[in-house]
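Read the structure below first, then the notes.
Because only heavy atoms are used, hydrogens play no part in the values below, and waters and symmetry mates are left out as well, while side chains stay in.
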Amino acid sequence: MAHSAIEWTESTWNPLTGCTKISAGCKNCYAERMAKRLQAMKQPHYIDGFELTLHPDSLEIPLTWKKPQMIFVNSMSDLFHQDVPIEFIQQVFEVMNKAHWHTFQVLTKRAERLAQIAKYLPWSSNIWMGVSVENSDYLFRTEYLKATDAHVKFLSLEPLLGPLKSLDLCGIDWVIVGGESGPGARPVEVSWIRQIRANCVDNDVPFFFKQWGGVRKKQAGRTLDGRTWDELPI
């Protein structure tokens, strides 16, 4: 079982690994750093480092986990990458349908492709679908998400790189916010986070503040205005 330190999930499942950068939020990709580390450790799934690689042998792993849990799908890649065959994506969805006792959290920056193939995917109620939005240039991703038949639709506003004053939360079930962490982390402003939180409160959307981030994210913590925000759409 791949236990995760990510605050908003419990485990990770990576039927594919590796990716390519497509927007500002990708600049300091944590998955790329980790993949290179795992490659140096001779981990079999990372022989090619961060090159996009499918792992059919990992497809049925969640079926072996009997304890219900929240599972982040593809923490080390993007399921909707243009080079992932739709047939493989459908296989991933079939496993999520079969493993009905788990909750699967799928997150993508490739919202256009998500919208293009969403009608060919079986959206069981245990699949949460999300898109990443790092600044106002990528707010369009939320509209592609809303067009899907996912039962729970969420936003990951991380790394938050600018204000999102025009964020429309109609049809959104959950919002995660976090600052960038690790080497070269770009700063986040508290006013950006407070504005998003106020938007969530006004629209009765659960708000989850993941972290302030920075080079030493543990020291910065994840308290906002005197409390932690761990709201979930359940």
Side-chain angles (χ1 to χ4, degrees), residues 1-20 22 25-26 29-32 34-35 38 43 45-46 50 52-118 120-133 141 144-145 148-158 172-176 178 208 210 232-234:
M1 186 180 301
H3 290 290
S4 177
I6 298 171
E7 290 80 358
W8 47 263
T9 196
E10 294 174 316
S11 299
T12 58
W13 168 44
N14 285 286
L16 60 142
T17 55
C19 199
T20 53
I22 63 165
C26 300
C29 179
Y30 78 91
E32 183 178 26
M34 187 177 296
L38 292 169
Q43 212 283 346
H45 280 187
Y46 295 90
F50 205 51
L52 184 72
T53 309
L54 307 185
H55 302 292
D57 60 310
S58 297
L59 276 171
E60 297 192 352
I61 286 177
L63 298 174
T64 69
W65 298 344
K66 301 307 179 185
K67 180 183 177 181
Q69 58 197 291
M70 300 184 79
I71 301 172
F72 179 18
V73 182
N74 282 120
S75 62
M76 296 295 291
S77 186
D78 189 327
L79 184 60
F80 292 91
H81 191 285
Q82 63 271 18
D83 293 334
V84 180
I86 185 173
E87 293 82 7
F88 191 83
I89 298 172
Q90 289 170 328
Q91 287 180 283
V92 172
F93 269 71
E94 287 167 6
V95 171
M96 293 191 288
N97 275 252
K98 289 179 182 177
H100 55 82
W101 56 94
H102 296 313
T103 298
F104 293 93
Q105 300 157 304
V106 186
L107 186 59
T108 186
K109 284 185 174 70
R110 292 162 169 84
E112 299 98 324
R113 190 171 188 219
L114 164 65
Q116 287 170 0
I117 67 176
Y120 303 111
L121 302 174
W123 293 96
S124 52
S125 61
N126 63 324
I127 300 173
W128 297 5
M129 188 68 229
V131 296
S132 296
V133 177
R141 292 174 182 160
Y144 286 115
L145 173 65
T148 72
D149 290 328
H151 292 259
V152 173
K153 302 177 179 71
F154 71 97
L155 305 180
S156 175
L157 311 180
E158 182 192 7
I172 299 300
D173 302 295
W174 188 32
V175 171
I176 303 165
F208 193 108
K210 180 176 179 286
L232 294 169
I234 51 176

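Between the side chains of Ser124 and His100, no donor-acceptor pair of N or O atoms lies under 3.5 Å. With 3.5 Å as the limit, one finds a donor-acceptor pair spanning the side chains of Ser75 and Asn14.
With a 4.5 Å cut-off on side-chain heavy atoms, Ile176 and Glu7 do not count as touching. Contact check for Asn74 versus Val106: no side-chain heavy atoms found under the 4.5 Å cut-off. Between Leu107 and Phe154 the shortest side-chain heavy-atom distance falls below 4.5 Å. Using a 4.5 Å heavy-atom cutoff, the side chains of Arg110 and Cys19 are in contact. At least one side-chain heavy atom of Met70 sits under 4.5 Å from a side-chain heavy atom of Trp128. In this structure the side chain of Phe208 never reaches within 4.5 angstrom of the side chain of Leu157, judged on heavy atoms. Side-chain contact between Phe88 and Leu59 is present, with heavy atoms from C-beta onward closer than 4.5 Å. Using a 4.5 Å heavy-atom cutoff, the side chains of Thr12 and Ile71 are not in contact.
Here the options are Val73, Thr108, Asp173, Leu121, the test is side-chain contact (heavy atoms from CB on, under 4.5 Å), and the partner is Met129; only Thr108 passes.
The neighbour count for Tyr120 OH, taken as heavy atoms of other residues, nucleotides or ligands under 6.0 Å away, does not exceed 12. Counted within 6.0 Å of CD on Glu60, heavy atoms from surrounding residues, nucleotides or ligands total 12 or fewer; the atom is thus considered open.
The aromatic rings of Phe93 and Phe80 stand perpendicular to each other, their planes meeting at an angle above 60°, with 30° marking the opposite boundary.
At distances below 3.5 Å, at least one donor-acceptor pair connects side-chain atoms of Asn126 with backbone N or O atoms of Met96. Proximity of a side-chain donor or acceptor of His81 to a complementary backbone N or O of Asp83 within less than 3.5 Å is detected. A distance-only check finds no donor-acceptor pair linking the side chain of His45 to the backbone of His55 [under 3.5 Å]. Within the 3.5 Å criterion, the main-chain N or O of Gly18 finds a donor-acceptor partner in the side chain of Ser77.
Among all heavy-atom pairs drawn from Ile127 and Pro122, the shortest one is CD1-O, 3.7 Å. When all heavy atoms of Ala118 and Trp123 are compared, the pair lying nearest together is O-NE1, 3.0 Å. The heavy-atom pair separating Phe104 from Ala99 by the smallest distance is CE1-O, 3.5 Å. Residues Ser132 and Lys109 approach most closely at CB-CG, 3.7 Å, considering heavy atoms.
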> Where do Val131 and Lys153 land on the side-chain contact (heavy atoms from CB on, under 4.5 Å) test, with the steps shown first?
Replying inline: CA-CA 8 Å; Val131 296; Lys153 302 177 179 71; over 6 Å; no
>> Between Arg113 and Ile89, does the side-chain contact (heavy atoms from CB on, under 4.5 Å) criterion hold? Intermediate values first, please.
In response: CA-CA 11 Å; Arg113 190 171 188 219; Ile89 298 172; 3.6 Å; yes
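In this structure, Trp13 has its ring center no closer than 6.0 Å to that of Trp65.
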